[in-house]
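Notes for the one structure printed next.
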There are 2 protein chains.
Amino acid sequence: MSQSKQRRISMADVARLAGVSSQTVSRVSNGHPSVIGTTREQVLKAMRELGYRPNSAARALKRGEFRTIGVILFTLSSTGNSRTLEAIANHAAAEGYAITLIPVAVPTQDSVLGAFTRLGELAVDGVIVIMEVHLLDAATVTLPPHVQVVVVDSDAGDRYSVVDTDQADGAGQAVTHLLELGHETVWHITGPRESFASSRREQAWRQALEAAGRAVPTPLHGDWSAESGYQAGLMMAEDPSCTAIFAANDQMALGVLRALHDRGRSVPGDVSVVGFDDIPDASSFIPPLTTVHQDFAEVGRRCVQGVLRQIDRGEPEHGTTLVPTRLVVRESTATPRVAA
Amino acid sequence: MSQSKQRRISMADVARLAGVSSQTVSRVSNGHPSVIGTTREQVLKAMRELGYRPNSAARALKRGEFRTIGVILFTLSSTGNSRTLEAIANHAAAEGYAITLIPVAVPTQDSVLGAFTRLGELAVDGVIVIMEVHLLDAATVTLPPHVQVVVVDSDAGDRYSVVDTDQADGAGQAVTHLLELGHETVWHITGPRESFASSRREQAWRQALEAAGRAVPTPLHGDWSAESGYQAGLMMAEDPSCTAIFAANDQMALGVLRALHDRGRSVPGDVSVVGFDDIPDASSFIPPLTTVHQDFAEVGRRCVQGVLRQIDRGEPEHGTTLVPTRLVVRESTATPRVAA
DNA sequence: CCAGCCGATGTTTACGTAAACATTCGCTCA
DNA sequence: TGAGCGAATGTTTACGTAAACATCGGCTGG
């Protein structure tokens with residue numbers, strides 16, 4: 001590797017300088033109580049003097065644990081994933097755990113399998129998986145048996161510990177809000193078919209309409225992108241009976257707003273629009289977007305709690321934890337003009 | 001920890017089953033050439049049978065390297081940071097390196113110092129720092145001497161290896177574009193004062209105007225958020241002489257668009273607006289935003305290249321690598337009405 | 001006053017791997 | 001034909017830490 005590779009300072013070095021045994025250094029390093037004050041001071045002084053740092057590899061080898069959690073996901077380009085990851089990182093750090101990121105380039109079973117195989121050799125005590133679960137069907141068998149798993153964005157509560165936003169409740173709130181304003185029914189733009197979150201939102205939208213005895217328009221399918229929302233919005237703008245649109249995320253809602261604007265239909269005068277996520281920019285859309293707020297920080301927090309609890313107990317858990325959502329009403333929704 | 005903690009399969013176990021020494025297992029595991037075919041097969045078979053996985057802690061301890069890069073940053077909520085991180089993760093994975101994420105909750109020297117101290121004990125061979133460099137002045141001394149550093153979003157090229165977007169060139173392109181359209185001068189909304197990227201963009205904006213012999217309006221200060229852009233936009237909307245605005249990022253430009261819309265000033269009819277970043281949503285703003293495209297993927301790639309090169313050579317490098325930008329002209333800019 | 005106990009510290013050992021060195025054996029070439 | 005070489009594999013050792021066990025005193029209580 002290098003010529004400048006003078007061996008790192010080890011406990012033995014500190015011990016020699018402090019005139020104690022390396023075991024005493026170990027005890028000081030770990031805050032063990034049975035070291036007397038003066039000795040402790042000597043050791044700490046020697047540590048400072050030499051710039052000693054514990055070697056985490058040796059520590060991990062000895063203790064059999066890495067104090068590290070792996071996070072495996074496809075992309076960080078979606079707000080949700082980044083925010084969740086950030087929350088995970090923060091909470092893990094607070095618990096003294098490090099985060100190792102395992103990116104999966106393409107969402108195929110093969111590449112997921114590859115990621116899990118790498119993971120098997122990686123120094124992690126637990127894994128948080130942020131992806132649709134059918135993709136990891138073949139994969140989890142390749143995990144070392146003692147690695148604990150928590151899954152986000154999935155309905156695999158029967159097999160894993162799952163944490164997720166309460167998609168159904170959020171979508172229900174969105175539809176109910178629009179119906180209560182007086183809209184006859186609510187159109188819907190879904191996310192990509194593979195997405196669990198998307199199909200859950202679609203299902204809840206459908207149920208809410210059916211429960212209210214309303215017609216269920218054929219949903220249009222997007223891919224989370226603003227551009228796909230724009231395309232769907234253009235089609236909906238053609239139909240004068242469409243007065244209320246629920247887009248499965250804020251980005252697609254942004255595209256819808258632009259499509260309606262381009263077609264000369266006013267929001268919320270002619271058409272009301274609701275999104276999902278409550279990204280920071282949503283309040284600056286034209287007009288400011290009514291949307292379902294997701295608490296990504298809480299999702300991340302519960303993920304970390306979940307893995308740590310499983311690591312601690314040494315056995316996997318099952319079941320789903322849902323994080324509540326909250327409808328944020330801004331200016332993109334109103335009573336329909338015809339009904340007024 | 002747990003009752004189910006039956007020791008992991010080690011080389012010794014594989015060796016026993018295959019009827020060879022553990023050293024031979026090691027050689028097979030590392031693809032060493034001097035193992036004969038039949039022996040290799042036996043070992044591989046035993047590995048499969050037992051589900052053997054190398055213990056990365058032991059491996060790291062023995063080899064003195066972790067094949068891991070630490071990434072330290074404040075927040076993932078900015079598009080730029082997430083995208084850069086994603087690119088870093090992908091390229092690191094391609095090189096067989098893992099990524100450890102070190103989040104810093106608040107941008108104070110103290111917490112940065114804390115992060116670096118933790119980092120010092122962490123199993124990393126190199127570090128990529130995504131933050132303004134003055135914050136780590138006190139910090140780097142706490143790093144073990146053999147840990148290599150690459151910095152993003154900073155001008156510390158004299159002390160570290162720095163990779164960054166060519167902020168100056170991008171801002172220059174934005175201003176030049178507006179002047180060439182016939183605008184008398186260009187207003188500017190900056191990012192937060194602590195941001196290196198922001199001050200670099202502001203500086204280049206000023207220089208471009210001065211070079212063209214134009215008046216330099218007093219810039220307004222934002223904080224990257226759409227809301228701060230909205231506030232600044234409201235003020236600029238009051239001034240009829242303001243026909244061209246360069247916002248230091250797309251989110252603030254979004255706020256500006258809404259402010260102008262709210263005040264009845266048309267874009268680009270009355271006022272032209274340019275942003276910076278080219279976030280995916282920018283093409284769906286109303287109107288689609290002309291903006292400076294940043295190649296975050298390339299920034300991430302060069303960061304990884306940089307650390308790996310330093311790790312390989314075993315010595316730090318200096319100097320700055322700039323990643324070019326590109327102006328993406330959409331519909332938010334036009335020749336000013338008065339000049340037409 | 002001394003047995004015994006406990007607090008403070010030292011010694012030994014093991015974690016899993018891989019480099020360095022040792023051994024074995026078949027084959028080549030003088 | 002046997003010295004010598006090299007390929008294949010085995011043995012020893014060290015990486016840095018921390019658990020387990022060992023030791024050494026001084027203090028307490030009967």
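Only this structure's heavy atoms are used, side chains among them; waters, hydrogens and symmetry mates stay out. Letters go in sequence order (proteins before strands), and every chain restarts at 1.
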TODO: Look at the side-chain N and O atoms of A:Thr39 and state whether any lies under 4.0 Å from the OP1 or OP2 oxygen of C:dT9.
DONE: yes

Open item on the list: Can you tell me if A:Arg8 touches the phosphate of D:dG16, counting only side-chain N or O atoms and a distance under 4.0 Å to OP1 or OP2?
Closed with: no

Open item on the list: From the set C:dT9, D:dT17, D:dA8, return the single nucleotide nearest to any side-chain atom of A:Val35.
Closed with: C:dT9

Task: Spacing between A:Arg40 atom CZ and C:dA8 atom P, to the nearest angstrom - done: 10 Å

Open item on the list: Using whole Å, what does the distance between atom C1' of nucleotide D:dG16 and atom CD of B:Glu65 come to?
Closed with: 17 Å

Open item on the list: Under a 4.0 Å threshold between the charged nitrogen and the carboxylate oxygen, would A:Arg309 count as salt-bridged to A:Asp312?
Closed with: no

Open item on the list: Could you tell me how far apart A:Leu61 (CG) and D:dA19 (C1') are, to the nearest whole angstrom?
Closed with: 13 Å

TODO: Identify whether any heavy atom of B:Val25 sits under 4.0 Å from a base atom; if not, whether one sits that close to sugar-phosphate; answer base, sugar-phosphate or nothing.
DONE: nothing

Open item on the list: For a quick check under 3.5 Å, do B:Arg59 and B:Ser29 share a side-chain donor-acceptor pair by atom type?
Closed with: yes

Open item on the list: For B:Ser77 and A:Glu86, which I'm curious about, is there any donor-acceptor pair between the side chains at under 3.5 Å?
Closed with: no

TODO: In whole angstrom, give the distance that lies between atom CZ of A:Arg16 and atom P of D:dT17.
DONE: 12 Å

Open item on the list: Check this one for me: any side-chain N or O of A:Asn55 less than 4.0 Å away from OP1 or OP2 of D:dC15?
Closed with: no

TODO: Give a yes/no answer on whether the side chain of A:Arg59 brings an N or O atom under 4.0 Å of OP1 or OP2 in D:dA18.
DONE: yes

TODO: Please determine, for the side chain of B:Met11, which listed nucleotide (C:dA18, D:dG10, D:dG16) has the closest atom?
DONE: C:dA18

TODO: Tell whether B:Arg53 reaches the base of C:dG16 with its side chain through a donor-acceptor pair below 3.5 angstrom.
DONE: no

- [ ] Identify whether any heavy atom of B:Ile36 sits under 4.0 Å from a base atom; if not, whether one sits that close to sugar-phosphate; answer base, sugar-phosphate or nothing.
- [x] sugar-phosphate

- [ ] Rounded to the nearest angstrom, tell me the gap between atom CZ in A:Arg27 and atom C1' in C:dT11.
- [x] 10 Å

Task: B:Glu41/B:Lys45 salt bridge by N-O under 4.0 Å criterion - done: no

Open item on the list: Within the structure provided, determine whether A:Asp125 and A:Tyr97 are in side-chain contact (heavy-atom separation under 4.5 Å).
Closed with: yes

TODO: Check the distance between D:dG16's C1' and A:Phe66's CZ and give it to me in whole angstrom.
DONE: 15 Å

TODO: Considering just the side-chain nitrogens and oxygens of A:Thr24, establish if one lies under 4.0 Å of OP1 or OP2 belonging to C:dG10.
DONE: yes

TODO: Grab the CZ-P distance between A:Arg67 and D:dT17 for me, whole Å please.
DONE: 17 Å

- [ ] Measure the distance from CD on B:Gln42 to P on D:dG10 and round it to the nearest whole Å.
- [x] 10 Å

Open item on the list: If you only use heavy atoms from C-beta on, which nucleotide in D:dA8, C:dT17, D:dA18 is closest to the side chain of A:Arg63?
Closed with: D:dA18

Open item on the list: Heavy-atom nearest nucleotide on DNA chain D for A:Asn30 versus B:Lys62: which residue maps closer to 5'?
Closed with: B:Lys62

